[in-house]
Every structure is written in structure tokens, then in C-alpha cells.
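Below you'll find the structure, written out as C-alpha cells, and then a few comments.
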2 protein chains.
Amino acid sequence: MGVTIKQIAETVGVSAATVSRALNGLPGVGPRVRKRIASEAARRGYSPDAHARALVTGRVPFLALVVPDITNPFFPAVARGAEEEAALRGCSLLLVDTGDRPERLEHALDLLSSRRVAGLVLAVPAANGQAARIAGRVVMAGVDAPPRSRVPVVGVDDRLGGRLVGRHLAALGRRSLAFVSGPARDRSSRLRLAGLRDEIPRDLLGPVSHGRWTVESGREQGRALFRSSSPPDAIFAANDLLAIGVAQAASDAGLAVGRDVALVGYDDVEVAGLASVPLTTVSQPKLELGRVAARTLLDAIDGLDTPLPALLEPRLVVRRSCGSAPDFATREVP
Amino acid sequence: MGVTIKQIAETVGVSAATVSRALNGLPGVGPRVRKRIASEAARRGYSPDAHARALVTGRVPFLALVVPDITNPFFPAVARGAEEEAALRGCSLLLVDTGDRPERLEHALDLLSSRRVAGLVLAVPAANGQAARIAGRVVMAGVDAPPRSRVPVVGVDDRLGGRLVGRHLAALGRRSLAFVSGPARDRSSRLRLAGLRDEIPRDLLGPVSHGRWTVESGREQGRALFRSSSPPDAIFAANDLLAIGVAQAASDAGLAVGRDVALVGYDDVEVAGLASVPLTTVSQPKLELGRVAARTLLDAIDGLDTPLPALLEPRLVVRRSCGSAPDFATREVP
DNA sequence: GTCGCGAACGCAAACGTTTACGTACCCCGG
DNA sequence: CCGGGGTACGTAAACGTTTGCGTTCGCGAC
């Protein structure tokens, strides 16, 4: 620990420059000296100081992933994908959990300007004012870019996801379909609903309600639905947690999910497959989201022509909450 | 971006040293110059280059958390705790997901020796051979240290957790208790069983079985139990995923969890509270685990007298899988 | 024998900070 | 008026690398 290039140079009897070249595999050093340097470096357990190197080369071997809450089952997979891709390019991954505190996002931007990281993968919304400071070193993952900014976005096609659900539900022959959702201002809410509308007959769609992206909110919205005079016999929840809440409300009302009411979620978090009645849902390619975001970012940093914003494809996972019952197994629909 | 201390020094008309002192709040610079420097720095958007600073001070503002699989619902909370604590001390958190590949652990150790990070929080087991390279800059979180190494450990008291379950189960008046567990060689399996034994009458404990820490394994072990001639009426699963699997097996066998069979899990991952019948389980203080681990590590790095290895206390969370039925609410037992 | 040329290596500057040390200056007590 | 001490600054070295440029040397071609 703490052995420098100079020390190696001294014991081998060459200059520091030669050691540097030898260890980096650059030409300009003879095979004999190269061997001696290599073995001496290995013997002393040398590894180059990253900061000195970064100082002169200008390259920083770090990316940061900024998430609102790593505890939310959606993000760990994104993190894993991003880390894998970063590792492929010799980078490590910083994790910044904002916990919805804006100061933490500011801190992440500071990481950039102090050159602690080479780039940022933002999985949280950013304000316009911040766009200027981040040009070329940031990509958004799963969230919109600040308006009128040139920040590349990689996301998942929410409208397509909605269409997949619509197609599936339309084929089921239910009479009344409700849409249970998160905040009305969230684009993903709106796009998933729009996709749904694309694929179902007009008179099938019943009540549309909004709330937060939580189990509790799902339970409340579900309760309201089942209390109504004409309760729906099919429900699309724009989120798995909401769907779980709706399932609880159904259970409270004495209704059996899958028989009395068809239920579809969104996201395919782990809970979905393990719920009391396994949830039919739309699976987001979370791992790939992280992977593509990291790749796009690294390309942008390396000055490659920034590829067009990418829209990944979600997948419908049919389980038992709509009546079809392939046991606990998962049947996928392309 | 890219404005240096010298440039500021030049436009203000002082030396670089003075700028450095002013910006760091050190004495030795008059109030007038200090103001001018501060405002000029703010105007140009200066922030100090982390690598140059690290190079001369020797301090690195990074910690790394090494986990086997960030997708496992146990670790995100640990990460969050570690990151919060690190942020309090001005450090950011690297995430290394080994995916059980040993080379990735080696890579994490390389992070240390190349001084990319100041220390490591290891949530994966390490070999003895690696202990030497990491002295004083590593703490283990939730796993054992390599044998005969002086690496500090912060963990959760598994035996106490087992005792909590034992006490709860003993008070229920069941006749036959089975223990369903992960690999027999894992210490946590053994300790949780030992704690259970501490608190229940000898003749209550029935079959003890082992497998992997997965839902499938739980389902298999559960199936075996319910097929036997004298099936247990209480089951302690050493892991929530196992418990979920056991619940599935019970359901398959036509048994109602909470009535026909009491079931207790371990870990309190999110699924536990959302399962078909909410799971009574032992909650690990995951957030605190990460927090304390990070704190211990930072103290050790700062040369403070390394505090004794810490054992955190788990908590019993009573839900409905043992018969008591406080709705979906959670009643905690101290 | 000389010229030239490439290979192998050394020299030294540079990256952006921090910090020990030196120096000028001011103020006050003698 | 002089000396001493404190304050406000500047100078320069150092941290560990990388890299452009120069030097030396050996060797083949003429």
C-alpha cells in the first residue's frame, strides 16, 4: 500500500517514465526491462494512484446514478444494469439516493463540477435551471428531460405498455374497466391511459381515478370503486403497488381477484409474482434501462455522436389475476 | 466548468495560495480580499478539483459498499443507510454488485489499493488471503470476517432474533414446530435455530430442514412437511422468501396460514407485509446496519480507536400469519 | 567509414491543489 | 526612534502520474 512509480523505478534502476510506459503496455521499452518492471511491480503490490492519473489524463473512472429512493423495488435493477455496463467500460458506479430532497440532487451536480464523476444518470426529474451545468455529461433514465434542454433521454414506452394491457383486457370480454393511477400530472400515468384507450372499445372504459403511487392509495381508490353502484369487473392499475392495494380492497369487499374482477398492474416488481393471486402486469426492462442509459452516457462522454434517445419495449406478463391460470408460472406475451 | 484556482487568483490579483485559504475558510486572509475572492469564485462557478485535492491531502471522499446482489430486497436499505451516514461525513457511496462473481470482489479491493475509495463496507464474505490487503479500511456488514483477521464486524443478533420468535411461538400453544432454513453451513441459519431452541420446550421442536434462501426452496421444504404423517402446526422459516414459499405450499395443501398453521419469517422484506396473509416476521434493522457499518468504517479511517464490533437488535413484527389479526396494521413487540 | 534512422530510454513539464516557510508591513510599547 | 510580534500575503515544493521532446546507442545501407 502506498508504493509509487518512482520507488519501483529506483529499485529497478530506470526512470519513472519507463515504468509508466511499461505498466501501461506502451511501446518504447525493451522486453528485458519490461519483465523486470512487471515482476517488481507485482512483488510490491503496486497499483497506480487513480487521482494522480485522473489529474493528468482528465478521465475519471466514475459514473453516478441518481435515484429518488433505492428502497423502491424499481431502482435496484436499474442500478445493477448501469453498474454492469459501467464495469464493462472500466468505470465504477456512485449511488446517490435523493430521498426526494432537492439538496441531494444539487449535491449530485456538485459531483460533476468537482470532477468526482464523469457523468450522471438521472432517474429523478431535474429543473430547467440545472440543465446548463450538465450539458453532455448527463442522460435521463425513465424520466423526462428538463424542457427545452438537449439532454438525451432513455425511457420505456409507456404508451405501448398501456396498449399491451388494453389488448389483453379487450380479449377478456369484461363489461366495465376502471383505471387506477398515480398523480394526474405524471406523464406515465397519462401515457399508459392513452395506450389503454388505443386498444379498447370506447364504452368499455369506466371511472378513472388518481392518487399516489402507493399501496394505501390503491386500497383507497379500490374501495371507492367497489362501493359504487356499478363496480367495474376489470381494473388496470398503473403501478404494481397500486394493484396490490386494489387487490386488498377487493378482498375486503369479498371479491375474488381473477374471478370477480380482473386486475392488471404495471412494473413487475418482485411482489407482483408473489402476491396472494399472482399479478398479471407489464414488465419494465429495468436492467436494460440502466444498461442503455449508462452506455449512452459513456458514449456521450467519449465524444461519440450521441445516439438518438432510446425507447425500450415493455413486456406483458400474464399471471393469474385476470382469470387465466397457468399456476404460479409466468407466461409471456410478445 | 474547468475554472481553476489560478485563474481566479489572476483576475482577483492575488496568489493561488490566498485563494485556496480564502475558499477553505482558513485564517490569514483579510476580509476585503476574502469577499472579492468569494464573489469571483461564485461568479465563475468554481468548484475545486477533487483529484488534485485528494492527491495532496490524501483524503478520498468515497466509500464503497459491496453487495452480492442489489436486487435482493435486503440490500437497498443497507445501501440507503450507508449512503446517509457517508453523506454526513462528506463522502459519497460507490456501489459494487458482485453477483457472486469472485472477480468482482477482487475489483472492489483494487478500488482500495488504487485509492479510488477510502474504505470498503463488505456485505459479502471475504477470504483469508484478502484480509491482509484491507487492514484498517474495511468493515464487514452482516457477514463474518475472514477467520483470524482483525476486521471489525457489525451485524445483527441472529440468536436474539431466534429467541424473539421462540418466545412468540411458545406463547401460542402450538403442538409441533418445524424449522425451515437456508444452507446448513450458514451461521445465520444455525444461530436463528439456536435462539429458537433457547425459548421453546424441548419436545415442541419437530423437523429441521435446509435448502437455499429462495421461494422455491421454501415451497419444496413446505411441501415435504405437509406431506408427512404428522404435519407441524407451526413453522419458523429462517427467511421471508422461504416463508412465502411455505405459504404457497400450505395453500397448495389446502391449509390456511394463520389458522391451520402458524408461520413466522425473517428479514421483514417488503413482500412480507403484502403477502396474501401478512407475515409475522423478524425485522432486521437494515438501514441502521448500513449506517453503523459506514460510521465504524469512517471512524477507523480517521484513526479513531476502532470501536468494538457492534451487534444490532432485531425486532419482532407481529402480523397475521400466526393467528392474531390486527388487520393490515403492524404491531411491534419490543 | 559515415550517415541516418529507429528503438530504448531519461528529462522535465504539466495537471490543480494544499501547506510549510519566508517576507513585507503595520501597530504598539519601550 | 527602535525592536518585536502579529497579520496578510507570496513563493515554492510536494502529491503521483502521463507525455512531448531530447538524447544515446546500435545497426544497416550507402
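Remember, predicted model here, so these are calculated numbers, not experimental data. Each chain gets a letter, A, B and so on, in the order the sequences are listed, and its residues count up from 1.
For B/Tyr46, counting side-chain heavy atoms from C-beta on, the closest listed nucleotide (D/dC21, D/dC9, C/dT17) is C/dT17. Residue B/Ala17 places its side chain closer to C/dT19 than to any other of C/dT19, C/dA12, C/dT17. For A/Val33, counting side-chain heavy atoms from C-beta on, the closest listed nucleotide (C/dC9, C/dT18, D/dT17) is C/dC9. Closest approach to the B/Val29 side chain among D/dC9, D/dT18, C/dT18 is made by D/dC9 (side chain taken as heavy atoms from C-beta onward). In the set C/dT18, C/dA8, D/dC9, C/dT18 carries the atom at the smallest distance from any side-chain atom of B/Arg53.
Of the possible donor and acceptor atoms, none in the side chain of A/Arg115 sits under 3.5 Å from a partner among the backbone N and O of B/Asp49. Under a 3.5 Å cut-off, the side chain of B/Asp186 and the backbone N or O of B/Ser188 do not form any donor-acceptor pair. At distances below 3.5 Å, at least one donor-acceptor pair connects side-chain atoms of A/Ser114 with backbone N or O atoms of A/Asp110.
Taking atom CG of residue A/Asn24 and atom P of nucleotide C/dA8, one finds them 17 Å apart after rounding to whole Å. Distance CG (B/Leu23) to C1' (C/dT18): 13 Å, rounded to an integer number of Å. For the pair A/Ile5 CD1 and C/dC9 C1', the interatomic distance rounds to 14 Å; values are reported in whole Å. Rounded to whole Å, atom C1' of C/dC9 lies 17 Å from atom CD of A/Glu10. Protein atom NE2 of A/His51 is 12 Å distant from nucleotide atom P of D/dT17, rounded to whole Å. If you take CD of B/Gln7 and C1' of C/dT17, they are 14 Å apart, rounded to a whole angstrom. One atom, CZ of A/Arg21, and another, P of C/dC9, lie 9 Å apart when rounded to the nearest Å. One interatomic measurement links the two molecules: CZ of B/Arg115 to P of D/dG16, which rounds to 8 Å at whole-angstrom precision.
Counting non-hydrogen atoms under 4.0 angstrom, B/Ser20 reaches a base of the nucleic acid. Among the protein residues, B/Thr4 comes within range of the sugar-phosphate backbone only, with heavy atoms under 4.0 Å from sugar or phosphate atoms but none that close to a base. As judged by a 4.0 angstrom heavy-atom cut-off over every strand, B/Ser15 is placed among the base-contacting residues.
At the phosphate of D/dG10, OP1 or OP2 sits under 4.0 Å from a side-chain N or O atom of B/Thr18.
When each of A/Gly30 and B/Val56 is assigned the nucleotide of DNA chain C with its nearest heavy atom, A/Gly30 is the one assigned upstream, toward the 5' end. Comparing B/Arg34 and B/Leu55 along DNA chain D, the residue whose closest nucleotide (by nearest heavy atom) sits nearer the 5' end is B/Arg34.
Screening A/Lys6, A/Glu40, A/Arg36 for a side chain to side chain donor-acceptor pair (under 3.5 Å) with A/Thr11, the sole residue that qualifies is A/Glu40.
What you find for B/Pro27 and B/Arg21 is that their closest heavy atoms are O-CD, 3.8 Å.
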